[in-house]
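Notes to accompany the following structure.
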Amino acid sequence: MGAYKQKWMQILQRANLQGWTIEETEDAIQIHMPNVTDLKLIKDNIPNTIAALTLDIDVPKERLKFVFHNGYETFDYILNPNEQDREGD
């Protein structure tokens with residue numbers, strides 16, 4: 001796991017979001033939310049939420065994919081889409 005991805009895993013796990021499961025996969029961070037979670041609300045707010053959390057990360061940026069799902073719907077969010085994935089460097 002790259003340092004950037006590892007930092008994100010730490011931030012998300014420390015958030016202690018009730019009923020949410022955060023898992024690292026080879027190419028993404030999977031976020032499983034309770035079935036009652038409104039994915040449209042999450043999707044609309046994710047850019048601002050992630051921007052605020054990014055301030056706590058002091059390692060070089062990497063392209064990182066988040067996969068959000070609530071048991072019914074799924075959406076992907078790509079953070080730093082123009083950066084290279086540095087894992088394996």
Side-chain angles (χ1 to χ4, degrees):
M1 177 181 342
Y4 192 69
K5 191 180 203 181
Q6 186 174 3
K7 280 294 227 182
W8 270 107
M9 288 295 295
Q10 291 170 356
I11 288 170
L12 293 169
Q13 289 168 342
R14 274 188 275 157
N16 198 23
L17 299 163
Q18 193 73 14
W20 291 36
T21 304
I22 314 297
E23 299 174 333
E24 185 249 338
T25 64
E26 185 176 316
D27 67 339
I29 293 177
Q30 300 269 338
I31 302 171
H32 307 270
M33 299 171 283
N35 294 349
V36 296
T37 305
D38 182 351
L39 277 190
K40 182 179 179 344
L41 182 63
I42 299 293
K43 192 173 192 176
D44 289 347
N45 289 301
I46 203 66
N48 291 333
T49 303
I50 284 185
L53 293 172
T54 300
L55 298 174
D56 293 335
I57 298 178
D58 57 356
V59 297
K61 294 179 184 176
E62 296 175 13
R63 184 179 192 279
L64 184 57
K65 180 168 111 175
F66 294 87
V67 179
F68 295 87
H69 45 98
N70 67 358
Y72 302 110
E73 301 173 79
T74 300
F75 80 90
D76 295 350
Y77 181 80
I78 305 294
L79 183 60
N80 306 316
N82 297 322
E83 297 291 328
Q84 295 296 315
D85 180 7
R86 291 186 178 90
E87 191 166 343
D89 281 359

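- Taking CD of E73 as the start and CG of L39 as the end, the distance is 5.0 Å to the nearest 0.5 Å.
- In this structure, V67 and K65 approach most closely via the heavy-atom pair CG2-CE, 3.7 Å.
- The closest side-chain heavy-atom distance from M33 to H69 is not below 4.5 Å.
- Summarising the geometry of I50 relative to T54, their closest heavy-atom pair is O-OG1, 2.7 Å, with the distance given to 0.1 Å.
- Side-chain atoms of F66 and L12, non-hydrogen and from C-beta on, do get closer than 4.5 Å to each other.
- In summary, K5 and E24 engage in a salt bridge, as defined by a charged side-chain N under 4.0 Å from a carboxylate O.
- Using a 4.5 Å cut-off on side-chain heavy atoms (C-beta onward), M9 and I11 make no contact.
- Side chains of R63 and I78 form a contact here, defined as non-hydrogen atoms less than 4.5 Å apart.
- Listed by chain and residue number, nothing satisfies the ring-ring contact (aromatic ring centres under 6.0 Å, His included) test with Y77 (two or more places apart in sequence, or in another chain).
- Between K61 and Y4, the closest side-chain pair of non-hydrogen atoms falls below 4.5 Å.
- Taking every heavy atom of both residues into account, T37 and I42 meet most closely at CG2-CG1, 3.9 Å.
- With contacts defined as side-chain heavy-atom distances shorter than 4.5 Å, the pair F68/T74 does not qualify.
- Looking at N70, its side chain never comes within 3.5 Å of a backbone N or O of P34 through a donor-acceptor pair.
- Remark: K43 pairs with F75 by the side-chain contact (heavy atoms from CB on, under 4.5 Å) rule, at least two apart or across chains.
- With hydrogens and angles ignored, the 3.5 Å screen pairs no side-chain donor or acceptor of N80 with any backbone N or O of E83.
- Proximity of I22 to W8: side-chain heavy atoms (C-beta onward) are nowhere separated by under 4.5 Å.
- In this structure the side chain of D58 reaches within 4.5 angstrom of the side chain of K7, judged on heavy atoms.
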